[in-house]
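For reference, the structure is listed below as C-alpha cells.
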Protein chains: 2
Amino acid sequence: MQSQNISDIIEKYLKSILAESDEIEIKRSEMAQLFNCVPSQINYVINTRFNVQNGYIVRSKRGGGGYIRIEKINFVDDYDVFDELISIVGESISFKDAFQMIKSLFQAEVLTRSEANLILAIIDKKTLNLADCKLENMLRARIMKNILNRLKYDD
Amino acid sequence: MQSQNISDIIEKYLKSILAESDEIEIKRSEMAQLFNCVPSQINYVINTRFNVQNGYIVRSKRGGGGYIRIEKINFVDDYDVFDELISIVGESISFKDAFQMIKSLFQAEVLTRSEANLILAIIDKKTLNLADCKLENMLRARIMKNILNRLKYDD
DNA sequence: TTTAAATTTGACTAATATTGACTATTGATA
DNA sequence: TATCAATAGTCAATATTAGTCAAATTTAAA
C-alpha cells in the first residue's frame, strides 16, 4: 500500500528502533546488506530524514570498527538546541525545511498539535505566497525565528 | 445521468473509495492509465474537486515511491462562523483589527492563550517587517484567512 | 448565437530516489 | 613511520515520480 521505496522502509526501520532507545548505532555496510541497497543509500536516508531539522544528531566514524550513531535531540535538557535551530533557519528557509522542524518540535512535545497546525498554516507557501520566492523564504525565516525564540524563553 | 466527462468519472471513483476509508493513496500515472487520460488530468480533478473547501486535504510526493494522498477532513460544528470572519478580513487587514479578532477568538475559547499569543507575535508589524504598509496588510490578511480556514476543521 | 467557463491535452518543470565511482578517515600492522 | 585494510562520505548521473501552465477543445450560460 504505502512506502514502496527503500528509503522510506529504512527510515521506518531505524525509527522503530529509536522508539525504544534514544540512540542507535549501526554499521553502514550491514544496513545496506540488510536492505539490499548500495551503502550510500544509507547516507541518503540519514541526510534526508535524520538531520537536525528532524530532531536527530548523527555522529559517525570511519575505519575499522566504524559506525553511524543516531541520537534523538532532547529539546528539554539541551537548551542550546533552539539556538542551533535558529542558526539553521538563518535568513531564509523553505517550507519543506520549516515543516520538518515544526514536525519534530511537535513530536518532541515542545509544541501541541494545534499549535503546530496553526504554524504550518501560517508558513505555508500559499499563505506567504509572495511574488518573489526569495522574499517568501526570508519572511518565513523571520517568522520561524520569532517562534523559536519564544519557545526558547517559554519554559 | 448527466455530464459523463472523464473528470466527473474520476471524481466519482475516488469518492467511492473515500466513502469507505478516510484516506486513499494513489499513483498519478496508474490513475491516468486506469482512466485512459493524461496524468495531468488527475491534477485537474484533484484541484477542482478535492480542495479544502470541499473537505479534503491532499498531500503528495514525487520521485521513486511517489504518491498522491487524499484525506477527508472533519469540519467543526459551527465552521461557517469562520467563513464569515474570512469575509470580514477580506484582502487586507491592519494589525489593530486582526488583534481584535484574535482576542475575541481567545475569549470564545477557540484559541488558547498561547496560541493567540503565537499568532499575534507573527502578525505583528515587526515580524512581517515589510517596507510597504499596503503589502503588509495584504499579507496579514492572507495569514489570518489561512488561520481561520485551518480552524474550520480539526486534527 | 455569442460568450464565458470548464475540460482536455501535452510539453516543460521540479522534486525525490537510486546507483556507483571516487574520496577521506581511521586503526592495525609491517 | 609507512602502508594497508576497513570502514564511511561525497557527488554527480540517471531514474522515477508528480506539478505547472497555457493552448486547444468542448460545454454551458446569457
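Just so you know, these numbers use all the heavy atoms, side chains as well, and skip hydrogens, waters and symmetry mates. Lettering of chains follows the sequences in order, A, B, ..., and the numbering in each one begins at 1.
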On DNA chain C, more 5' by nearest nucleotide between S7(A) and C37(B) is C37(B)
By nearest-nucleotide position on DNA chain C, the 5'-leaning member of K96(A) and T48(B) is T48(B)
Let me know the distance between [atom1] of [X] and [atom2] of [N], rounded to the nearest Å.
| X | N | atom1 | atom2 | value |
| --- | --- | --- | --- | --- |
| D97(A) | dA15(C) | CG | C1' | 13 Å |
| I6(B) | dT26(D) | CD1 | P | 12 Å |
| I46(A) | dA8(D) | CD1 | C1' | 10 Å |
| N36(B) | dT8(C) | CG | P | 12 Å |
| F35(B) | dT7(C) | CZ | P | 16 Å |
| Y67(A) | dG27(C) | OH | C1' | 13 Å |

Taking OP1 and OP2 of dA6(D), is either one under 4.0 Å from a side-chain nitrogen or oxygen of K27(A)? no
Does K61(B) make a side-chain N or O approach to OP1 or OP2 of dA17(C) shorter than 4.0 Å? yes
Any carboxylate oxygen within less than 4.0 angstrom of a Lys/Arg side-chain nitrogen, looking at [X] and [Y]?
| X | Y | value |
| --- | --- | --- |
| R140(A) | E91(A) | no |
| K125(B) | E136(B) | yes |
| R49(A) | D8(A) | yes |
| E71(B) | R59(B) | yes |

Axis-to-axis angle across the helix from dT1(C)-dA30(D) to dA30(C)-dT1(D), five pairs each end, nearest 10 degrees, ~ 20°
Take the angle between the ring planes of Y13(A) and F35(A) and call it parallel below 30°, perpendicular above 60°, tilted in between. perpendicular
Please classify the nucleic acid contact of I42(B) as base, sugar-phosphate, or nothing, using heavy-atom distances under 4.0 Å. nothing
Determine the contact category for G66(A): base if any of its heavy atoms lies under 4.0 Å from a base atom, sugar-phosphate if only primed atoms, P, OP1 or OP2 are that close, otherwise nothing. sugar-phosphate
Heavy atoms from C-beta onward define the side chain here; which of dA17(C), dT7(C), dG9(D) lies closest to that of R49(B)? dT7(C)
Closest of dG19(D), dT7(C), dT16(C) to the Y44(A) side chain is dT16(C)
Tabulated below should be each protein N or O lying under 3.5 Å from an N or O of nucleotides 20-23 of chain C; please produce it.
from, atom 1, to, atom 2, distance (Å)
dG20(C), N7, S40(A), OG, 3.2
dG20(C), O6, S40(A), OG, 2.7

Test item: side-chain donor near acceptor, N149(B) and N146(B), under 3.5 Å: no
What pair of heavy atoms forms the shortest contact from S94(A) to N137(A), and how long is it? CA-OD1, 3.7 Å
Give me the atom names and distance for the closest heavy-atom approach of A98(A) to I123(A). CB-CD1, 3.6 Å
